[in-house]
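Notes follow once the structure below has been shown.
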Amino acid sequence: MQRLRTTVARLRPITATQTVKSQSQARPMAVGGALRTFEPLRSYTTSVSAEPFLNGTSSNYVEEMYYAWLENPRSVHKSWDIFFRNANAGVSPGSAYQSPPPLGGAALELANAQAMVEAQPNMEKLVEDHLAVQSLVRAYQVRGHHIAKLDPLDIGVIDFDESPVMLGLKKVGEKWFYGLDESDLDKVFRLPTTTFIGGSESVLPLREIISRLEMAYCQSIGVEFMFINDLEQCQWIRQKFERPGVMQFTLEEKRTLLTRMVRSTKFEEFLQRKWSSEKRFGLEGCESLIPALKTIIDKSSMNGVESIIMGMPHRGRLNVLANVIHKELDQIFCQFDSNLEAADEGSGDVKYHLGMWHRRINRVTDRNITLSLMANPSHLEAVDPVVQGKTKAEQFYCGDTEGKRVCTHTNAHRFFSLCVCIYISVCVFQVMSILLHGDAAFAGQGVVYETFHLSDLPSYTTHGTVHVVVNNQVGFTTDPRVARSSSYPTDVAKVVNAPIFHVNADDPEAVMYVCNVAAEWRATFHKDVVVDLVCYRRNGHNEMDEPLFTQPLMYKQIKKQKGVLQKYSEKLLAEGAVSRQDYEEEIAKYDKICEEAHARSKDEKILHIKHWLDSPWPGFFNVDGQPKSMTSRSTGLPEEELVHIGYIASSVPVEDFTIHRGLSRILKGRATMVGQRVCDWALGEYMAFGSLLKEGTHIRLSGQDVERGTFRI
Ligand SMILES: Cc1ncc(C[n+]2csc(CCOP(=O)(O)OP(=O)(O)O)c2C)c(N)n1
């Protein structure tokens with residue numbers, strides 16, 4: 001009812017006070033008697049205002065009746081059913097009304113009404129067409145991603161044969177699937193409240209409806225979200241992708257994007273030029289990953305995030321270290337020098353496994369941001385829960401309990417802080433995580449599913465992780481069709497109702513758009529979200545591998561493929577957004593940066609592990625950069641303190657609280673042990689936890705049975 005009222009309220013301006021226009025004039029606005037119908041077929045001859053029962057407050061009632069009738073004609077009284085059928089068929093409101101059937105004469109009345117309806121065959125078609133348009137809109141929202149142009153190679157590794165049928169435009173005989181046909185294209189339809197394609201228009205011709213749905217759902221972005229069981233979240237996503245003109249970028253944004261693409265592409269080219277026979281697990285084919293991550297970081301910084309913890313496997317790791325985290329290039333390049341000596345144990349082969357920590361100013365927002373890429377083992381996704389654990393811990397110690405900036409100070413403080421600009425220090429420091437994945441590993445490793453299940457648990461949530469999948473459509477040498485049973489590698493994310501934005505990685509603007517939306521989603525709903533970068537892998541799994549052995553057709557296509565930087569620069573040059581000279585200067589500038597860093601890297605003789613840590617660990621190293629000696633203080637406690645903790649562990653914490661008899665026995669047994677100066681394993685653990693708590697150290701026991709204390713009593 002509430003929904004109906006809202007709908008009616010929105011339609012009020014076009015209700016009973018308007019007089020009916022002639023058929024040609026009236027198009028495309030629906031008018032008169034609140035009838036949610038289609039103008040070309042309406043032909044009232046009397047002013048609606050001439051009918052007293054359609055005016056004033058009764059018009060609200062009529063409207064509600066009408067909408068209820070549209071949904072289900074049997075839900076209203078028969079007399080209203082007849083009235084609406086007649087009115088919809090073009091009978092004037094005065095004549096459309098027929099008195100309710102008297103007792104005993106019902107059959108006759110019904111027969112009359114039926115006759116009137118049958119005399120107006122168009123009315124049924126009207127309702128059918130209207131419902132068909134609603135189904136069509138919904139079909140695009142649900143399955144538009146099946147026919148979106150997601151694959152830069154256009155080789156269609158996913159088979160969505162049934163899609164055109166589902167989208168309702170497949171011909172079944174002379175009609176399309178939902179019963180519309182080409183003759184309906186110029187008819188005007190009222191848009192349902194579940195779409196935003198109209199912008200400020202509430203009615204559109206069918207031709208325009210289809211074209212706008214195609215724009216929103218079937219270009220470079222495929223949005224998977226209709227499985228989400230929250231109406232507000234679905235509406236939020238619809239408006240982000242459906243509103244006309246959402247994908248527009250300023251000149252400055254386009255140039256920044258181009259610069260980021262230059263750096264991402266030229267970094268890999270530089271490594272290839274200098275160390276052509278070294279493995280580097282290059283990013284070629286998914287260069288837009290770098291602007292994608294930078295966009296998520298910029299937007300999150302804008303939303304108040306000050307620390308971002310990231311985890312990723314090997315693909316593009318060096319590029320992320322260089323161009324996202326901003327590790328010094330000479331520190332990266334020196335890793336390729338085989339004469340480099342490890343200063344400490346474990347320093348070998350660090351470039352794909354160790355992490356990095358860096359605090360700096362975000363250039364777009366001018367705010368501080370700390371970026372940390374966690375160390376990872378070779379086991380691809382195994383780092384995922386570790387990233388979440390670190391993020392949770394940082395959030396705990398920063399007081400970030402909700403994933404958003406909460407200022408806890410009073411008004412007086414707020415005024416003071418504004419004056420002296422210390423406001424950042426009194427607000428909660430916000431921490432978030434970003435996880436990167438490979439397509440095969442994302443679908444194949446169970447730890448991904450397990451990590452998703454932690455995402456909404458009160459004790460584990462990190463208030464939303466942005467996941468980015470480098471979906472190069474191959475896992476080492478394995479094709480998707482033999483690597484997973486789901487259509488997309490990302491289907492696993494559906495278990496937590498995370499929206500999934502598939503995007504063609506050869507369209508950097510579309511990538512930037514979805515990354516902005518993903519970061520906003522996290523800031524708005526504090527829930528996980530997935531960006532699936534559909535791309536390709538230009539070389540083999542590593543640069544030494546020959547992919548033509550196992551994927552000959554795919555690699556024939558890849559060899560013909562123009563690089564994404566070339567495509568995007570050509571687009572901006574054609575638009576006049578950038579001049580050729582500026583573009584070439586940008587490339588030369590970055591090449592110079594790389595060459596200079598390369599020259600400096602030759603001076604590095606010793607590899608220090610401290611340059612590759614993902615946390616600052618102040619106080620861990622001495623001034624020479626060496627770990628301080630590992631001594632630990634005595635942790636013993638006086639007996640009276642242990643006895644005190646033991647007795648606390650044997651008591652009921654709340655007064656007048658009745659506990660289970662079995663538990664009471666356990667507590668008594670514990671008190672006896674304390675009195676006898678003996679201790680079992682569980683009491684020993686209790687004493688350890690108690691002493692830590694007593695000195696103010698936070699303890700978190702985590703696992704399925706901690707509430708019962710299965711292994712503790
Ligand atoms: C847990 C685990 N299983 C298997 C491997 C072996 N392995 C290394 S890379 C790789 C393919 C990964 O493919 P994908 O996730 O698509 O990433 P890509 O290399 O294509 O970027 C495999 C199976 C591994 N390192 N760790």
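Residue numbers count from 1 along this sequence. Whatever order the structure lists ligands and atoms in, that order sets their numbers, starting from 1.
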Original post:
Among side-chain atoms of Arg255 and Tyr583, is any donor-acceptor pair under 3.5 angstrom?
Top reply: no

Subject >> Sub-4.0 Å heavy-atom contact, Glu381 with ligand 1 >> reply: no

Original post:
Backbone N or O of His379 within a donor-acceptor pair of the Gln445 side chain at under 3.5 Å?
Top reply: yes

Original post:
Which is it for Asp439 and ligand 1 at heavy atoms under 4.0 Å: side chain, backbone, both or neither?
Top reply: both

**OP:** Measure from the side-chain N and O atoms of Ser569 to the backbone N and O of Gln566, and report whether any donor-acceptor pair falls under 3.5 Å.
**Re:** yes

Original post:
What atoms of ligand 1 come closer than 4.0 angstrom to any heavy atom of Ala440?
Top reply: 13 (O), 14 (P), 15 (O), 16 (O)

Original post:
Is the number of heavy atoms from other residues, nucleotides or ligands under 6.0 Å of Met226 CE greater than 12?
Top reply: yes

**OP:** Among all protein heavy atoms, pick the one closest to atom 13 (O) of ligand 1 and tell me residue, atom and distance.
**Re:** Gly475 CA, 3.3 Å

Subject >> Modelled atom types, side-chain donor and acceptor of Gln473 and Asp439, under 3.5 Å >> reply: no

**OP:** If you have a sec, work out which protein heavy atom is nearest atom 25 (N) of ligand 1 and how many Å separate them, to one decimal?
**Re:** Ser378 O, 2.8 Å

**OP:** Starting from atom 17 (O) of ligand 1, find the nearest protein heavy-atom neighbour and note its residue, name and distance.
**Re:** Gly438 CA, 3.8 Å

Original post:
Can you tell me if Val470 has a non-hydrogen atom under 4.0 Å from ligand 1?
Top reply: no

**OP:** Note the single closest protein heavy atom to atom 2 (C) of ligand 1, along with its residue, its atom name and the distance in Å.
**Re:** Leu380 CD1, 4.0 Å

Subject >> Polar contact flag for Val474 and ligand 1 (N/O pairs, less than 3.5 Å) >> reply: yes

Original post:
Is atom 11 (C) of ligand 1 less than 4.0 angstrom from some protein heavy atom?
Top reply: yes

Original post:
For atom 21 (O) of ligand 1, what is the nearest protein heavy atom, given as residue, atom name and distance?
Top reply: Arg315 NE, 2.9 Å

**OP:** State whether any protein heavy atom lies less than 4.0 Å from atom 23 (C) of ligand 1.
**Re:** no

Original post:
Who's the nearest protein heavy-atom neighbour of atom 1 (C) of ligand 1, and how far?
Top reply: Gln445 NE2, 3.4 Å

**OP:** Give me the one residue out of Asn303, Val466, Ile309 that meets side-chain contact (heavy atoms from CB on, under 4.5 Å) with Met432.
**Re:** Val466

Subject >> NZ/Lys589: more than 12 non-hydrogen atoms of other groups inside 6.0 Å >> reply: no

Subject >> Shortest protein heavy-atom distance from atom 15 (O) of ligand 1, along with the residue and atom involved >> reply: Ala441 N, 2.9 Å

Subject >> Nearest-contact summary for atom 9 (S) of ligand 1 - protein heavy atom, Å >> reply: His541 CE1, 3.3 Å

**OP:** May I ask you to list the atoms of ligand 1 that are less than 4.0 angstrom from any heavy atom of Asn472?
**Re:** 18 (P), 20 (O), 21 (O)

Original post:
Any side-chain heavy atom of Lys299 within less than 4.5 Å of one from Glu520?
Top reply: yes

Original post:
Which atoms of ligand 1 are found less than 4.0 Å from any heavy atom of Phe476?
Top reply: 11 (C), 13 (O)

Original post:
Is there a donor-acceptor contact under 3.5 Å from the side chain of Arg317 to the main chain of Leu354?
Top reply: yes

Original post:
Does NZ in Lys494 sit with more than 12 non-hydrogen atoms of other residues, nucleotides or ligands closer than 6.0 Å?
Top reply: yes

Subject >> Test side-chain hydrogen bond (donor to acceptor under 3.5 Å, both in side chains) applied to Ser433 and Arg522, Gln388, His463, Lys392, the passing residue >> reply: Gln388

